[in-house]
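Data block below; observations after.
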Amino acid sequence: MRAERYWLLKSEPSEFSIDDLGHRPDRTEPWDGVRNYQARSFLRDGMKVGDRALFYHSGKAPAVVGVVVVVREGYPDPSAWDPMNRHFDPRSTPDAPVWYMVDVRLEDVFPAPLPLAELRGIPGLENMMLLRKGSRLSVQPVSEKEFQVIVSRAGMARP
DNA sequence: GCCAACGTTGGC
DNA sequence: GCCAACGTTGGC
């Protein structure tokens, strides 16, 4: 079994916030609606059960707000074939799915959000994808070091 | 509200 | 295959 990997998942909190995740049964929810091929590949092929991901709120108060753990690996995203869903994409069908999702469970909510502006000043994050100009990818890999630096800065270093 | 960066679309 | 136009993301 390969070592755990680390990721970052972006969400606009008015759409789906870390608080919303905390109120789901078993604090678990499919991470659906991703419609970018690079992000799709990370969801489908990269993320494995046990991997952890930083939960990032985009928008008015951009910040890392907590940690989730992958509890189910990539499987087809059914919201793509629901015409009523705003992420509907007729190119994807149950027989030939285009879009994928994973299930994530909330592991930790940071005592306080760690704002994007603060991340920019933290040593060790100089090469983080999130901080690169023009980086819009909503599912990103994060190095183990970056993950640890962020979690410890958030006041949540774990054994 | 602005705008830079990026991804997608479609004409050629 | 190229590339201009367009729509979206997302920080500021």
Side-chain angles (χ1 to χ4, degrees), chain A residues 5-24 29-47 51-68 70 73-104 106-143 145-156:
Chain A
R5 287 183 187 159
Y6 300 91
W7 308 91
L8 180 142
L9 297 171
K10 282 186 194 173
S11 182
E12 173 70 45
S14 62
E15 177 131 356
F16 186 73
S17 70
I18 196 166
D19 194 51
D20 294 329
L21 180 57
H23 286 91
R24 290 293 191 272
E29 183 78 355
W31 199 268
D32 65 358
V34 173
R35 298 293 180 267
N36 169 283
Y37 284 101
Q38 199 177 349
R40 184 279 308 267
S41 297
F42 288 136
L43 290 169
R44 186 188 59 188
D45 309 323
M47 299 176 81
D51 285 2
R52 283 193 275 168
L54 302 167
F55 195 126
Y56 179 82
H57 280 173
S58 60
K60 288 177 65 175
V64 180
V65 292
V67 174
V68 300
V70 176
E73 287 170 20
Y75 62 108
D77 178 352
S79 70
W81 51 73
D82 170 10
M84 293 297 103
N85 192 287
R86 81 179 191 86
H87 299 292
F88 174 62
D89 182 351
R91 291 174 297 178
S92 188
T93 66
D95 284 342
V98 175
W99 303 115
Y100 284 72
M101 61 189 187
V102 299
D103 287 357
V104 296
L106 181 60
E107 185 170 270
D108 286 307
V109 180
F110 291 162
L114 190 52
L116 177 61
E118 192 169 333
L119 294 180
R120 295 189 187 283
I122 298 176
L125 302 184
E126 293 83 3
N127 297 319
M128 191 174 179
M129 185 180 294
L130 179 72
L131 305 184
R132 291 214 271 272
K133 186 172 179 164
S135 167
R136 304 189 318 186
L137 200 59
S138 68
V139 179
Q140 306 180 357
V142 170
S143 76
K145 180 181 167 205
E146 290 161 351
F147 184 89
Q148 302 297 355
V149 164
I150 287 173
V151 167
S152 95
R153 175 63 71 107
M156 301 193 53

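Letters A, B, ... are given to chains in the order of the sequence lines, protein chains preceding strands, and every chain is numbered from 1. Given the structure is predicted, the values throughout are model-derived calculations rather than measurements.
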Pairs of donor and acceptor atoms involving the side chains of residues 111-132 of chain A, under 3.5 Å and at least two apart or interchain, shall be tabulated with distances.
from: A:Arg120; atom 1: NH1; to: A:Leu131; atom 2: O; distance (Å): 3.3
from: A:Glu126; atom 1: OE1; to: A:Gly124; atom 2: N; distance (Å): 3.0
from: A:Glu126; atom 1: OE2; to: A:Gly124; atom 2: N; distance (Å): 3.2
from: A:Arg132; atom 1: NH1; to: A:Asn127; atom 2: O; distance (Å): 2.8

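If you measure from atom CE of A:Met129 to atom C1' of C:dG10, you get 16 Å, rounded to the nearest angstrom. The distance from atom CG of A:Asn36 to atom P of C:dG10 is 10 Å, rounded to the nearest whole Å. Protein atom OH of A:Tyr37 is 16 Å distant from nucleotide atom P of C:dT8, rounded to whole Å. As a whole-Å value, the separation of A:Arg40 CZ from B:dG7 C1' is 14 Å. Between A:Arg35 atom CZ and C:dG7 atom C1' the separation is 17 Å, expressed in whole Å. For the pair A:Leu130 CG and C:dG11 P, the interatomic distance rounds to 8 Å; values are reported in whole Å. In this structure, CZ of A:Arg86 is placed 17 Å from P of C:dG7, rounded to the nearest angstrom. Spacing between atom CG of A:Asp89 and atom C1' of B:dT9 amounts to 14 Å, rounded to whole angstrom units.
Residues satisfying the side-chain contact (heavy atoms from CB on, under 4.5 Å) criterion with A:Pro76, sequence neighbours excluded, are A:Trp81, A:Pro97, A:Tyr100. Taking A:Asp20 as the reference, nothing meets the salt bridge (Lys or Arg N to Asp or Glu O under 4.0 Å) condition, with sequence neighbours excluded. Residues passing the side-chain contact (heavy atoms from CB on, under 4.5 Å) test with A:Ser79, sequence neighbours excluded: A:Asp32, A:Arg35, A:Asp77, A:Asn85, A:His87. Partners of A:Tyr75 according to the side-chain contact (heavy atoms from CB on, under 4.5 Å) rule, which considers only residues two or more places apart in sequence or in another chain, are A:Pro30, A:Arg72, A:Met101, A:Asp103. Partners of A:Glu12 according to the salt bridge (Lys or Arg N to Asp or Glu O under 4.0 Å) rule, which considers only residues two or more places apart in sequence or in another chain, do not exist here. A:Thr93 meets the side-chain contact (heavy atoms from CB on, under 4.5 Å) test with A:Asp95, A:Ala96; sequence neighbours excluded.
Not less than 6.0 angstrom separates the ring centroid of A:Phe55 from the ring centroid of A:Trp7.
If you check residues 114-124 of chain A against DNA chain C, the residues with a heavy atom closer than 4.0 Å are A:Leu116, A:Arg120, listed by number.
Nearest to the side chain of A:Arg136, among B:dT8, C:dT8, C:dG11, sits C:dT8.
Contact annotation: A:Lys10 does not reach the phosphate of C:dT9 (side-chain N/O to OP1 or OP2, under 4.0 Å). Between C:dG11 and A:Tyr56, a contact under 4.0 Å exists linking OP1 or OP2 to a side-chain N or O.
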Please tabulate the protein-to-nucleotide N/O contacts below 3.5 Å involving nucleotides 3-6 of chain C, giving atom names and distances.
none

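Residues A:Leu8 and A:Tyr56 approach most closely at CD2-CB, 3.8 Å, considering heavy atoms.
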